[in-house]
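Take a look at the structure below.
All chains are named by letter (A, B, ...) in the order of the sequence lines, taking the proteins before the strands, and each is independently numbered beginning at 1.
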2 protein chains.
Amino acid sequence: MGYKPKGSMQQTEKQFIENYDIHQYDVPLTMVDMAIFSIIDNKLNVLLVERNIFPEKGKLALPGGFIDKNKDSDLEATALRKLKQKTGVKLSYLEQVESVGNATRDPRGWSVTILYFALIDSAKLNKKLMSRSYWHPVDEVKHIALAFDHNLLVQKAVARLRSKTLYTALPMALLPEKFTLTELQTIFEIILSRKLPVKSFRRRMMDAGVVEATNESKISGKRKARLYKSTGIKKDFYFPRPLQA
Amino acid sequence: MGYKPKGSMQQTEKQFIENYDIHQYDVPLTMVDMAIFSIIDNKLNVLLVERNIFPEKGKLALPGGFIDKNKDSDLEATALRKLKQKTGVKLSYLEQVESVGNATRDPRGWSVTILYFALIDSAKLNKKLMSRSYWHPVDEVKHIALAFDHNLLVQKAVARLRSKTLYTALPMALLPEKFTLTELQTIFEIILSRKLPVKSFRRRMMDAGVVEATNESKISGKRKARLYKSTGIKKDFYFPRPLQA
DNA sequence: CGAATAGTGTCTTTTAGACACTATCGG
DNA sequence: CCGATAGTGTCTAAAAGACACTATTCG
């Protein structure tokens, strides 16, 4: 493919860049929103923030906001900055879900949001949230009119989390470093809203080597249960077969 | 959750929106790029366009460009408009891959691109392309310095196509309406760069009901082969187990 | 010991891979 | 009938589900 750029330029590229002014173009708004999940009281919860500025002032919304060209080196940096600014919590997992952009989702005009989803380990939940931030069970969010199209965004993020739960061991990120297999299974069951067979679940986790036994035990119910920890298997590990949908 | 917005607004939302001027903000560039794939000469090809404007003038790039707030109702509309404008071909499949945004990918400044990937049925390839559009085998693209970070974008799109090929029957979209199972298998093998076991492949497609036999046959080699067509199973069908990676 | 929770043994089911086999067609 | 391509029969292997079973601890 002996391809090479052609010559004969009227203007140099350098000149072009210097004269380039984004403000002469009619650009869309571009922002980042985050669906941050945690398990509270045996329910999957998502973090919502009460908006205190227009538009949609007073409504609940996903944490998020505009890209700051000076502060953010990339989209993930925007997500992390917004997270810190609005919640002060530390993440266990962050992944881009998808982007939604159209003419009608924001009254300020054509806008694009890049949606991220994040998981927080329940051990870190002691820290208090910033003001106007509240955890809401995702099952109840559908009955609240969120700002903009954020009900849809929550749905998309939950769908991604469920899908990953069928194929991977990602929900470990919702637990502290050491956990029992029963605790892990419970988290899976909460996310999927159904019971899983005990034997299958344990075999799946052990055989794939995503968890490793520690020497410690923990007693929460009647009998001691062994504590396990993640083997730190790489984030992109997929089980050979999904859990049955 | 008896949540409801609080009152006592200094300014009305309507006033806020009317006074809102995006140009007072330092916003990033936002655009859509597309990785359009087709099979040519038993190779997976991607469509590239020679840029005839700054920046990166003369280099090859994925088809794409800025959102037009007046013409496009949503991101997919931008993708389809760019496609038509630059190639004039009709798509079999379109899906968002992911968004990439950072301060350095475009010399004009902080920019975000929403990447789509598309498949074109080889029967539609007779139509001639717009000028300066060329099909390139994806294996060779890694040796060409594309504009911006488009080498990376091609890689991401190819990875998505390969992943979908392991889990779904998506590659049917690269074939005309009627095809033999051998032809379909060949397409899979091209995308995955490896041979697949014949018996497994046919059983997988038939048992899942993603293809349906027609009464017609086709003779291309030594023996007639039955023609099949897609059962139009929904786009989000996943086989119970992936092909072995 | 009984109740409750943790954890296992083992059979079946599903679906992929291996691979030898049969079928059909042109020359 | 030979060679090549299309297509099948059937065994094995991997991993999930079903479900009865055993193990440990507290009171």
Side-chain angles (χ1 to χ4, degrees), chain A residues 42 163-169 171 175 178-189 192 194-229 233 237-245, chain B residues 42 162-169 171 175 178-190 192 194-229 233 237-245:
Chain A
N42 282 329
S163 163
K164 286 255 166 168
T165 301
L166 292 174
Y167 285 91
T168 75
L175 287 172
K178 290 173 186 170
F179 49 82
T180 69
L181 288 186
T182 303
E183 286 167 344
L184 184 59
Q185 181 169 347
T186 301
I187 299 288
F188 272 69
E189 291 172 342
L192 298 175
R194 67 189 170 86
K195 284 283 177 192
L196 297 174
V198 180
K199 177 68 189 188
S200 276
F201 183 84
R202 302 174 77 90
R203 190 176 42 197
R204 183 178 169 92
M205 296 300 150
M206 310 276 297
D207 289 5
V210 297
V211 294
E212 123 187 85
T214 68
N215 290 322
E216 299 162 70
S217 293
K218 167 176 167 176
I219 178 135
S220 47
K222 287 280 184 179
R223 177 181 159 178
K224 275 195 301 186
R226 184 174 291 269
L227 287 168
Y228 290 79
K229 59 180 183 181
I233 204 163
F237 173 77
Y238 272 63
F239 288 101
R241 304 187 207 173
L243 293 169
Q244 84 177 191
Chain B
N42 282 329
R162 295 219 165 108
S163 163
K164 286 254 166 168
T165 301
L166 291 174
Y167 285 91
T168 75
L175 287 173
K178 290 174 186 169
F179 49 83
T180 69
L181 288 184
T182 303
E183 285 167 344
L184 184 59
Q185 181 169 348
T186 302
I187 299 288
F188 272 68
E189 291 173 343
I190 289 167
L192 299 174
R194 68 188 171 84
K195 283 283 176 190
L196 297 173
V198 180
K199 177 70 189 188
S200 277
F201 184 83
R202 303 174 76 92
R203 188 176 45 199
R204 183 178 171 91
M205 297 299 150
M206 309 275 298
D207 289 4
V210 297
V211 293
E212 123 186 86
T214 68
N215 289 323
E216 299 162 70
S217 294
K218 167 177 166 176
I219 178 133
S220 46
K222 287 284 184 177
R223 177 181 158 178
K224 275 196 298 186
R226 184 173 290 270
L227 286 168
Y228 290 79
K229 58 181 184 182
I233 205 162
F237 173 78
Y238 272 62
F239 288 101
R241 305 187 206 173
L243 291 170
Q244 84 177 191

(request) Measure the distance from CG on L243(B) to P on dG17(C) and round it to the nearest whole Å. (result)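 Distance, rounded to whole Å: 6 Å.
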(request) Figure out the NZ/C1' separation between K218(B) and dT5(D), and round it to whole Å. (result)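 Computing the K218(B):NZ to dT5(D):C1' distance gives 14 Å.
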(request) On DNA chain D, check which nucleotide each of D207(A) and Y228(B) is closest to and give me the residue with the more 5' one. (result)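 Looking at the nearest nucleotide for each, Y228(B) comes out on the 5' side.
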Does OP1 or OP2 of [N] have a side-chain N or O of [X] closer than 4.0 Å?
X: R204(A); N: dA16(D); result: yes
X: R241(A); N: dA16(D); result: no
X: K224(B); N: dC25(C); result: yes

(request) Counting heavy atoms from C-beta on, name the nucleotide in dT5(C), dG17(D), dG9(C) closest to the side chain of K222(A). (result)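 Given the options dT5(C), dG17(D), dG9(C), the side chain of K222(A) is closest to dT5(C).
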(message) Can you tell me which nucleotide in dT10(D), dG17(C), dT10(C) comes closest to the side chain of K199(B)?
(response)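 Looking only at side-chain atoms, K199(B) lies closest to dT10(D).
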At under 4.0 Å between heavy atoms, what does [X] touch on the DNA or RNA strands: base, sugar-phosphate, or nothing?
X: T182(A); value: sugar-phosphate
X: R203(A); value: base
X: I219(A); value: sugar-phosphate

(message) Quick check for you: to the nearest 0.5 Å, what is the distance between Y228(B) atom OH and K178(B) atom NZ?
(response)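 The OH atom of Y228(B) sits 14.0 Å away from the NZ atom of K178(B).
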